[in-house]
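For reference, the structure I am asking about is given below.
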Number of protein chains: 2
Amino acid sequence: MAHSDVPKPTSAELAILQVLWDRGPSTVRDVHGVLNDDKPTGYTTVLKLMQIMLEKGLLERDDSRRQHVYTPSVAADRTQRQLIGDLIDRAFSGSAQKLVMQALSAKRISREELDEIRALLDDIERQSS
Amino acid sequence: MAHSDVPKPTSAELAILQVLWDRGPSTVRDVHGVLNDDKPTGYTTVLKLMQIMLEKGLLERDDSRRQHVYTPSVAADRTQRQLIGDLIDRAFSGSAQKLVMQALSAKRISREELDEIRALLDDIERQSS
DNA sequence: TGATTTCGACGAAACACTTCGTACATTGGG
DNA sequence: CCCAATGTACGAAGTGTTTCGTCGAAATCA
């Protein structure tokens with residue numbers, strides 16, 4: 001958590017963030033609607049979670065209207081990098097390469113996607129020279 | 001957890017696994033020695049954790065000697081893939097490609113490592129044809 | 001052998017995460 | 001104006017994780 005003011009989201013919190021990143025600013029009802037389709041969840045459960053996330057600084061909200069509208073206070077990619085960095089440290093002895101290589105073996109990736117990755121590799125290599 | 005009989009290790013458990021993967025079969029004292037260097041930890045704390053991990057099936061032990069000797073019951077790479085898969089699902093909407101691309105941006109990777117990754121990409125592509 | 005050290009077992013406490021019941025406020029329709 | 005519906009706030013309980021103190025057994029050594 002050293003390099004950011006926002007804490008690492010927990011599992012349930014991440015599910016909520018995903019919805020908000022997807023839909024943009026949303027009410028508790030909106031978020032509950034989405035999550036409840038995946039997995040039955042109480043409305044107040046989601047509400048409480050979002051209130052806690054507000055306290056933690058994970059979310060911001062507009063409470064000028066009756067139905068409070070929540071937005072993530074961090075972008076998806078930043079959080080994703082935070083989680084990856086954490087995993088690299090905790091499970092891959094700090095080696096990003098090891099993680100990437102395991103990830104490539106872990107799930108099937110289409111040829112098109114492989115090509116995109118290759119292009120990114122080229123970019124990185126070009127920048128470092 | 002659907003595809004494996006061993007549960008996902010928690011954070012503290014993962015630290016212990018790392019030591020065991022590194023050093024091979026070890027006693028509680030050994031593990032405690034290593035962890036305690038990073039971060040002051042009580043001996044019994046590590047002991048208890050390892051006992052719990054034994055119950056969960058994360059570790060196996062030889063208690064024929066007085067100092068019980070513990071070994072991980074799962075290989076490092078398998079656990080790593082489990083954790084990656086989990087992260088892909090929870091934070092990257094199931095897209096391994098997204099994770100890989102974020103990982104490549106998240107930490108600096110040396111040219112040699114980039115080349116190794118490229119080689120792996122070639123392997124994968126070759127196999128899928 | 002008796003004292004000291006080393007070890008594992010066990011229980012409990014502290015903490016964090018998750019879930020939900022209940023209470024209370026606001027709004028809109030009849 | 002009152003009722004039903006829709007919201008938020010709050011507290012508490014259930015669960016899992018982490019930490020550690022205390023105990024007794026076993027080994028070591030003087």
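So that the names make sense, note that chain A is the first sequence line, chain B the second, and so on, each numbered from 1.
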Exercise for the section: Considering non-hydrogen atoms only, spot the tightest contact between B:Q18 and A:S93 and give its length. Expected result: OE1-OG, 3.9 Å
Expected rows: protein N/O vs nucleotides 25-30 of chain C N/O, under 3.5 Å:
residue, atom, partner, partner atom, Å
C:dT26, O2, A:R66, NH2, 3.3

Exercise for the section: Quickly work out the A:L49 CG to C:dC17 P distance and round it to whole Å. Expected result: 10 Å
Problem - Nearest listed nucleotide, side chain of B:T45, among C:dT22, C:dA9, D:dC20 - result: D:dC20
Handout entry: Interatomic distance where CG belongs to B:L47 and P belongs to D:dT18 [whole Å]
Key = 16 Å
Fill in the blank from the handout: Rounded to whole Å, CZ of B:R65 lies from P of D:dT28 at a distance of 12 Å
Handout entry: A:K48 side chain, from C-beta outward: closest of C:dC17, D:dA9, D:dC10
Key = D:dC10
Handout entry: B:S73 versus B:L59, closest heavy-atom pair with distance
Key = OG-N, 3.7 Å
Exercise for the section: Taking only the side-chain heavy atoms of A:Y43 (C-beta and beyond), determine which of C:dC10, D:dG7, C:dC20 contains the nearest atom. Expected result: D:dG7
Practice task
Answer yes or no: is there a donor N or O on one side and an acceptor on the other, between the side chain of A:N36 and the main chain of A:G33, under 3.5 Å?
Solution key: no
Problem - Salt bridge flag under 4.0 Å for residues A:D89 and B:K107 - result: yes
Practice task
Among the candidates C:dC20, C:dA12, C:dC17, find the nucleotide nearest to the side-chain atoms of A:T10.
Solution key: C:dC17
Practice task
Using only side-chain N and O atoms of B:R29, determine if any of them is under 4.0 Å from OP1 or OP2 of C:dT5.
Solution key: no
Handout entry: Nearest-neighbour nucleotide for the B:K39 side chain, D:dT19, D:dT8, C:dG8 considered
Key = D:dT19
Exercise for the section: Give the minimum heavy-atom separation between B:R81 and A:A106, together with the two atoms involved. Expected result: CD-CA, 3.8 Å
Handout entry: For atom CD of B:Q51 and atom P of D:dT18, their distance in whole Å
Key = 16 Å
Exercise for the section: Take atom NZ of B:K8 and atom P of D:dG16, then tell me their distance rounded to the nearest Å. Expected result: 14 Å
Practice task
To the nearest Å, give me how far apart NZ (A:K56) and P (C:dC15) are.
Solution key: 16 Å
Practice task
Report which part of the nucleic acid A:T27 touches: base, sugar-phosphate, or nothing (heavy-atom distance under 4.0 Å, all strands).
Solution key: nothing
Practice task
Would you name the heavy atoms of A:G57 and A:V6 that are closest together and state the gap between them?
Solution key: O-CG1, 3.5 Å
Handout entry: Over all atoms of both residues, closest heavy-atom pair of B:K98 and B:S95
Key = N-OG, 3.0 Å
Handout entry: Distance in angstrom units between B:D63 CG and D:dA25 P, rounded
Key = 18 Å
Exercise for the section: Round to a whole Å and report the spacing from CD1 of A:I52 to P of D:dA9. Expected result: 12 Å
